[in-house]
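Report on one structure; see the data block that follows.
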Amino acid sequence: MRLHVADHPLVAHKLTVLRNKDTSSPTFRKLVDELVTLLAYEATREVRTAPLDIQTPVAPFTGVKIAEPLPLVVPILRAGLGMLDGMTRLMPTAEVGFLGMQRDEETLDVVTYANRLPDDLTGRQCFLIDPMLATGGTLVAAINYLFERGARDVTAVCLLAAPEGLKVVEEAVGDRVDVKIVVAAVDDHLNEKAYIVPGLGDAGDRLYGVV
Ligand SMILES: O=P(O)(O)OC[C@H]1O[C@H](OP(=O)(O)OP(=O)(O)O)[C@H](O)[C@@H]1O
Ligand SMILES: O=c1cc[nH]c(=O)[nH]1
Ligand SMILES: [Mg+2]
């Protein structure tokens, strides 16, 4: 597993506003969108390309295009949906799959309630998006879904991660999958309810309200 922590003053500034409990839901959504655009730049650094011959107004030129099979972006519902527009804005030719997963707040087990993914992900670069990596249970379950369909190259884009969760992902995935995690910050620890500290609270609730 490779970890990339964004080191950028704009990321740190926007993240601070996001963490603030007094930040309203509309501002929270906008900041998540802005942050994912900054993270997506790093997350897509290794996206595969193929040569493309074009003609500039002056001369022929061999440039690049995103190679097929096209990358697949997979938001983990609910909170991951808040990152989808930002990700596809940067990579508009990517296709999109969906995973609906919810952490049982008592047992911390992951319940998968929706799954809309291509059957065959062989050779596809997959981008899982979810703002929070807490115990790591959700991300490991999501990576396993992709692995079962043949994916071996997975980049997770998260806003906050806990050290405990990063360790769980590293141990669970091993070298089965080339996993890269791009995150705006690694926080201090998990509290007794497995919330990230200092964190930003419940990302899904702050984006979409308490259900
Ligand atoms: O690392 P873990 O301990 O598994 O926790 C992280 C998960 O918890 C949150 O989702 P939640 O289950 O609250 O669902 P929601 O997006 O519908 O709010 C978050 O968006 C992650 O998916
Ligand atoms: O701190 C946390 C942990 C899990 N899910 C969240 O939304 N926030
Ligand atoms: Mg939630």
Side-chain angles (χ1 to χ4, degrees), residues 1 3 5 14-29 31-33 35-36 39-40 43 73-87 96-117 126-147 154-173 177 179-211:
M1 184 185 93
L3 177 68
V5 184
K14 289 175 196 296
L15 200 51
T16 303
V17 184
L18 203 68
R19 290 179 189 277
N20 189 333
K21 67 178 177 47
D22 295 326
T23 296
S24 68
S25 186
T27 306
F28 192 93
R29 279 187 209 154
L31 284 166
V32 169
D33 182 68
L35 275 164
V36 76
L39 297 179
V73 177
V74 182
I76 302 178
L77 312 184
R78 265 177 325 166
L81 263 191
M83 300 170 75
L84 181 59
D85 279 359
M87 198 71 193
V96 181
F98 294 89
L99 275 174
M101 292 183 156
Q102 194 174 358
R103 183 175 88 156
D104 182 315
E105 294 295 340
E106 299 297 320
T107 63
L108 301 181
D109 291 338
V110 182
V111 180
T112 303
Y113 59 86
N115 168 7
R116 195 87 162 89
L117 292 171
C126 297
F127 295 85
L128 282 168
I129 51 178
D130 189 341
M132 310 302 273
L133 197 178
T135 65
T138 303
L139 187 58
V140 168
I143 291 171
N144 283 339
Y145 267 96
L146 302 180
F147 180 80
V154 177
T155 299
V157 187
C158 304
L159 298 184
L160 295 183
E164 296 93 322
L166 289 170
K167 197 157 170 265
V168 165
V169 175
E170 174 144 45
E171 284 171 0
V173 174
V177 185
V179 175
K180 181 177 175 189
I181 298 181
V182 177
V183 66
V186 177
D187 271 9
D188 198 58
H189 65 279
L190 295 175
N191 69 12
E192 63 291 348
K193 290 184 169 168
Y195 270 74
I196 297 174
V197 182
L200 52 76
D202 187 302
D205 289 355
R206 294 199 64 187
L207 281 163
Y208 302 120
V210 181
V211 289

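Start at 1 and go down the list; that is how both ligands and their atoms are numbered. The figures here come from the full heavy-atom set of this structure, side chains too, leaving out hydrogens, waters and symmetry mates. Since the structure is predicted, the reported quantities are computational estimates derived from the model, not experimental observations.
- In this structure, Gly165 has no heavy atom closer than 4.0 Å to ligand 1.
- Among protein heavy atoms, atom 18 (O) of ligand 1 sits closest to Arg78 NH2, 3.0 Å.
- Protein heavy atom closest to atom 6 (C) of ligand 1, with residue, atom name and distance, is Met132 O, 3.5 Å.
- Taking a distance limit of 4.0 Å, we find that atom 12 (O) of ligand 1 is approached by some protein heavy atom.
- Using a 4.0 Å cut-off between charged nitrogen and carboxylate oxygen, Arg78 and Asp205 count as a salt-bridge pair.
- Distance check, rounded to the nearest 0.5 Å: CG of Leu139 to CG of Leu133 gives 5.0 Å.
- Among protein heavy atoms, atom 16 (O) of ligand 1 sits closest to Ala79 N, 2.9 Å.
- Polar contact with ligand 1: absent for Ile76 (N/O pair, distance under 3.5 Å).
- With contacts defined as side-chain heavy-atom distances shorter than 4.5 Å, the pair Leu84/Phe98 qualifies.
- For a threshold of 3.5 Å applied to N or O pairs, the pair formed by Thr135 and ligand 1 contains at least one separation below that value.
- Counting heavy atoms only, Gly201 comes closest to atom 8 (N) of ligand 2 of the residues Ala134, Pro131, Gly201.
- Counting non-hydrogen atoms of neighbouring residues, nucleotides and ligands closer than 6.0 angstrom, the CD atom of Glu106 reaches no more than 12 such neighbours.
- With hydrogens left out, the protein atom closest to atom 1 (O) of ligand 2 is Ile196 N, 2.8 Å, a heavy atom.
- Every atom of ligand 2 is numbered from 1 in the order shown, and the set under 4.0 Å from a heavy atom of Ala194 is 3 (C).
- Across all non-hydrogen atoms, the minimal contact from Ala142 to Ile76 is CB-CD1, 3.7 Å.
- Close approach of ligand 2 to Arg103 is summarised as follows: ligand atoms under 4.0 Å from at least one heavy atom of the residue are 3 (C), 4 (C).
- Atom 21 (C) of ligand 1 lies below 4.0 Å from at least one non-hydrogen atom of the protein.
- The shortest N/O to N/O separation between Asp205 and ligand 1 does not fall below 3.5 Å.
- Put simply, the side chain of Arg206 reaches to within 4.5 Å of the side chain of Thr23, judged on heavy atoms.
- Protein heavy atom closest to atom 2 (C) of ligand 2, with residue, atom name and distance, is Tyr195 CD2, 3.4 Å.
- Between Met83 and Val157 there is a side-chain heavy-atom pair separated by less than 4.5 Å.
- The atom of Asp202 that is an N, O or S and sits closest to the Mg ion (ligand 3) is OD1.
- The contact set between ligand 1 and Gly204, taken as ligand atoms under 4.0 Å from a residue heavy atom, comprises 18 (O).
- Between Arg103 and Lys193, the shortest heavy-atom contact is NH2-O, 3.6 Å.
- Regarding atom 7 (O) of ligand 2, its nearest protein heavy-atom neighbour is Ala203 N, 2.8 Å.
- Remark: the backbone N or O of Gly199 is paired with a side-chain donor or acceptor of Arg19 at under 3.5 angstrom.
- Residue contacts with ligand 1 include Asp130, since one or more of its heavy atoms lies under 4.0 Å from the ligand.
- Ligand-side atoms of ligand 1 in range of Gln102: 12 (O), range being under 4.0 angstrom from any heavy atom.
- Here the heavy atom of the protein found nearest to atom 10 (O) of ligand 1 is Met101 O, 4.9 Å.
- Among all non-hydrogen protein atoms, the one lying nearest atom 4 (O) of ligand 1 is Thr138 OG1, 2.5 Å.
- For Gly136, a nitrogen or oxygen atom sits less than 3.5 Å from a nitrogen or oxygen atom of ligand 1, counting backbone and side chain alike.
- Counting heavy atoms from C-beta outward, Tyr208 and Leu81 have side chains that approach closer than 4.5 Å.
- Protein heavy atom at the shortest distance from atom 5 (O) of ligand 1 is Arg103 CD, 3.4 Å.
- Contacts between Ala79 and ligand 2 below 4.0 angstrom, taking non-hydrogen atoms only, are absent altogether.
- Two residues are said to be in side-chain contact when any heavy atoms from C-beta on lie closer than 4.5 Å; Met132 and Leu200 meet this criterion.
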